[in-house]
*Asks:* 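Shown below is the structure under consideration.
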Amino acid sequence: MFEFTVHKQDSNSRARTGEIKTAHGSFATPVFMPVGTQATVKALDPSDLEEMHAGIILANTYHLYLRPGEDIVRKAGGLHRFMNWKGSILTDSGGFQVFSLSALRKIDEDGVWFSSHIDGSRHYLTPEKATAIQEALGADIIMCFDECAPYPCSYEEACKAVERTSRWAERCRAAQQRTDQALFGIIQGGTFEDLRRQSAAQICSIDLPGYAIGGLSVGEGKNEMHAMLDTVVPLMPETKPRYLMGVGEPEDLIEGVKRGIDMFDCVLPTRMARHGTAITSSGRLVVRNALYKEDFLPLDLECRCYVCQNYSRAYLRHLVKAGEILAHHLITYHNVYFLVNMMAEIREAIQKEELDIYRSSFYSRYRRNGMGGP
RNA sequence: GGAGGGAUACCCAAGCGGCCAAAGGGGGCAGACUGUAAAUCUGUUGGCGAUGCCUUCGAAGGUUCGAAUCCUUCUCCCUCCA
């Protein structure tokens, strides 16, 4: 089952609140989805995610196909049971790996050859195969297998990716056997407005329960990303969720919501945490910096998460410097909480018609490379 | 007491006459990270008034145009034999 309902449309922007219902519960939108590529949000237990009210997480087709193999997940009773996550799950199709594993891959019309990053073995992924794997994994939302073009990229290259992505989207839909999974289409087009329009028209002409915007935040600037959203979102149906893939930073979430995005996912909070950086209301706080050696304040003075209630910057810095695994857990917990909570605040602001106020208040405190100080 | 081996930058450790302010690790400091080949990657790590100068390779002397590298003495450490 899959249902999307819009609750409140902001009168000053394209922002809206809503709700998505899947067989694994419902969650409010706009939503931030933590990424758990290999059926685990790195360094967190599903109970942590529940505790911070994350309603949906991501996993990846390509990675789970290579290891442990989708059959094992299917035999385990599906991804939810396999990883003990009761909320909703979205699986990415492997389309992003077409981009990120470019050195190990070869694209043709039928599909993509990959050399496994694990053992070098050769694998062929097609729209049909990506769909079948996602059916075996059993997520609530599955994604069309797309071609995510790099940035920068020539017009011709971007155009080819758009057209191939459209043909592949049709094939994914045709390949669908299960009726209980929501298949989302993906709009491509690089940073070319006309290609974005073309892609939006083509993808949205396929009747699917949701649509995503892919191929952004791959190196283009914020302005270009915003311009693409302004181009594409108006061409997407209002009654379907709009998902901006792979984004983002706190400011990107606000800017995306304002431009009509309902769903986001990003590895940034989990990856940065493992690399020793916290996301706070005043900006990034590089926990390992010497500045925090004797700083006994919490990561974020305004944060109500478990970590900020119980641990100091000095202690977390110590854990990071000492290479202790708890550092990964605690900072990841905070970072994911921060974004999940931020989305809750944004929803509340939209509900109260105060998104602009929330936005300016956010920017008044947040500096991208802020020190996170009091 | 005798015979060897060793002392190099914050630590470990290469270097054994000029291309050495000195390899490589570690540690320190800093930067990056946006549908995860990422507990990763990159830069930096003697001092300056800085396309050059000054001080450094246990200490002090010496040889040499030139020494971390060769010689002498000393100090300390290690191994083996008494």
Side-chain angles (χ1 to χ4, degrees), chain A residues 32-44 56-64 66-67 89-105 114-121 130 134 139 141-149 151 165 184-188 212-222 225 243-253 255-256 261 263-279 284 286-293 317 319-332 335 339 368-369 371:
Chain A
F32 176 78
M33 308 183 280
V35 178
T37 302
Q38 313 207 65
T40 165
V41 176
K42 294 185 195 295
L44 295 184
I56 174 169
I57 62 172
L58 235 79
N60 188 283
T61 299
Y62 170 80
H63 292 81
L64 295 174
L66 286 183
R67 181 173 57 192
I89 299 177
L90 180 155
T91 42
D92 186 23
S93 59
F96 185 70
Q97 279 62 47
V98 174
F99 158 77
S100 66
L101 300 178
S102 58
L104 301 172
R105 141 236 98 172
F114 288 102
S115 291
S116 160
H117 65 277
I118 300 166
D119 62 3
S121 55
Q134 293 189 84
I141 301 173
I142 64 177
M143 301 302 296
C144 284
F145 188 56
D146 64 327
E147 181 183 344
C148 178
Y151 179 89
T165 294
F184 279 28
I186 303 175
I187 296 164
Q188 289 291 342
I213 302 165
L216 289 179
S217 67
V218 290
E220 82 289 352
K222 303 272 191 210
M225 178 164 89
Y243 164 26
L244 176 55
M245 306 185 79
V247 173
E249 299 190 60
E251 60 267 48
D252 297 334
L253 300 182
E255 297 307 323
I261 301 300
M263 304 165 71
F264 301 86
D265 79 279
C266 194
V267 305
L268 210 59
T270 47
R271 179 183 290 164
M272 286 206 324
R274 276 175 279 121
H275 297 170
T277 300
I279 302 170
R284 293 184 179 191
V286 183
V287 183
R288 40 160 236 277
N289 282 182
L291 184 60
Y292 307 112
K293 200 182 224 164
R317 172 181 137 89
L319 293 180
V320 170
K321 302 291 292 181
E324 282 295 338
I325 202 163
L326 183 59
H328 298 163
H329 173 247
L330 294 176
I331 302 171
T332 300
N335 281 357
L339 295 185
R368 189 171 185 279
N369 295 305
M371 308 204 310

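Sequence lines set the chain letters: A, B, ... in the order given, protein chains first and strands last, and positions in each chain run from 1. Values in this document were obtained by computation on a predicted structure and should not be read as measured data.
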*Asks:* Take atom P in B/U69 and the same atom in B/A59, then report the distance between them in whole Å.
*Replies:* 10 Å
*Asks:* When rounded to the nearest Å, what value does the distance between P atoms of B/G52 and B/A22 take?
*Replies:* 13 Å
*Asks:* Taking all atoms of both residues into account, what is the closest heavy-atom pair of A/C148 and A/G95, and its distance?
*Replies:*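 Smallest heavy-atom distance, with atoms named: CB-O, 4.0 Å.
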*Asks:* Looking across every strand, which nucleic acid part, if any, lies under 4.0 Å from A/D146 by heavy atom: base, sugar-phosphate, or nothing?
*Replies:* base
*Asks:* Could you check whether A/Q97 gets within reach of a base, just the sugar-phosphate, or nothing at all, counting any heavy atom under 4.0 Å?
*Replies:*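 Since only primed, P, OP1 and OP2 atoms lie under 4.0 Å of A/Q97, the category is sugar-phosphate.
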*Asks:* Closest nucleotide of RNA chain B for A/I186 versus for A/R274: which of these residues is on the 5' side?
*Replies:* A/I186
*Asks:* Once you round to the nearest 0.5 Å, how far does CG of A/L330 lie from CD1 of A/I325?
*Replies:*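 Result: 11.5 Å between the selected atoms.
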*Asks:* My understanding is that only residues two or more places apart in sequence, or in another chain, count here; which of them pass ring-ring contact (aromatic ring centres under 6.0 Å, His included) with A/Y62?
*Replies:* A/F114, A/H117
*Asks:* Could you work out the separation of B/A32 and B/G24 based on their C1' atoms and round it to a whole Å?
*Replies:* 25 Å
*Asks:* Let me confirm one number: the CE-SG distance from A/M245 to A/C266, rounded to the nearest 0.5 Å.
*Replies:* 12.0 Å
*Asks:* How long is the straight-line distance from CZ of A/R105 back to CD of A/Q97, given to the nearest 0.5 Å?
*Replies:* 11.5 Å
*Asks:* So which one's nearest nucleotide on RNA chain B is more toward 5', A/E249 or A/Q38?
*Replies:*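 Closest to the 5' end, via its nearest nucleotide, is A/E249.
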*Asks:* Is there a Watson-Crick or G-U wobble partner for B/A38 with both distances under 3.5 Å, and which nucleotide is it?
*Replies:*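 In the structure as shown, B/A38 has no Watson-Crick or wobble partner.
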*Asks:* Once you round to the nearest 0.5 Å, how far does CD1 of A/I187 lie from OH of A/Y243?
*Replies:* 13.0 Å
*Asks:* With a 4.0 Å cut-off on heavy atoms, is A/Q188 in touch with a base, just the backbone sugar-phosphate, or nothing at all?
*Replies:*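 It contacts base atoms.
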*Asks:* What distance do A/D146 atom CG and A/T165 atom OG1 have between them, rounded to the nearest 0.5 Å?
*Replies:*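 Those atoms lie 5.0 Å apart.
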*Asks:* Which base sits across from B/G1 as a Watson-Crick or G-U pair, both distances under 3.5 Å?
*Replies:*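 Its partner is B/C81.
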*Asks:* Quick one: label A/L104 by what it contacts on the DNA or RNA (base, sugar-phosphate, nothing), any heavy atom closer than 4.0 Å.
*Replies:*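 The answer is base, as A/L104 lies within the cut-off (heavy atoms under 4.0 Å) of a base atom.
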*Asks:* Write down the partner of B/G17 under the Watson-Crick or G-U wobble criteria, each distance required to be under 3.5 Å.
*Replies:*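 Across all strands, not a single nucleotide pairs with B/G17.
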*Asks:* So what does A/D265 hit on the nucleic acid, given a heavy-atom distance under 4.0 Å: a base, only sugar-phosphate, or nothing?
*Replies:*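 Sugar-phosphate, no base atom in range.
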*Asks:* Rounded at 0.5 Å granularity, tell me how far CD in A/E249 sits from CG in A/L339.
*Replies:*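 One gets 10.0 Å once the value is rounded to the nearest 0.5 Å.
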*Asks:* Using the P atoms only, state how far B/G61 lies from B/C11, rounded to an integer number of Å.
*Replies:* 24 Å
*Asks:* Using a cut-off of 4.0 Å on non-hydrogen atoms, how would the nucleic acid contact of A/S116 be classed: base, sugar-phosphate, or nothing?
*Replies:* nothing
*Asks:* By the 4.0 Å heavy-atom rule, please label A/K222 as base, sugar-phosphate, or nothing.
*Replies:* base
*Asks:* Students often get this wrong, so: under 4.0 angstrom with heavy atoms, is A/G323 touching a base, only sugar-phosphate, or nothing?
*Replies:*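 The answer is nothing, as A/G323 stays clear of every strand by at least 4.0 Å.
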*Asks:* Could you check which nucleotide pairs with B/A68 in any of the strands shown, counting Watson-Crick or G-U wobble with both distances under 3.5 Å?
*Replies:* none
*Asks:* Counting only Watson-Crick pairs (N1-N3 plus N6-O4 or O6-N4) and G-U wobbles (N1-O2, O6-N3), all under 3.5 Å, who is the partner of B/A59?
*Replies:* B/U73
*Asks:* Quick one: look up who B/G43 pairs with, Watson-Crick or G-U, both distances under 3.5 Å, and put none if it's unpaired.
*Replies:* B/C29
*Asks:* With a strict under 4.0 Å distance from non-hydrogen atoms of chain A, what nucleotide opens and what nucleotide closes the contacted stretch of RNA chain B, reading 5' to 3'?
*Replies:* B/G28 to B/U40
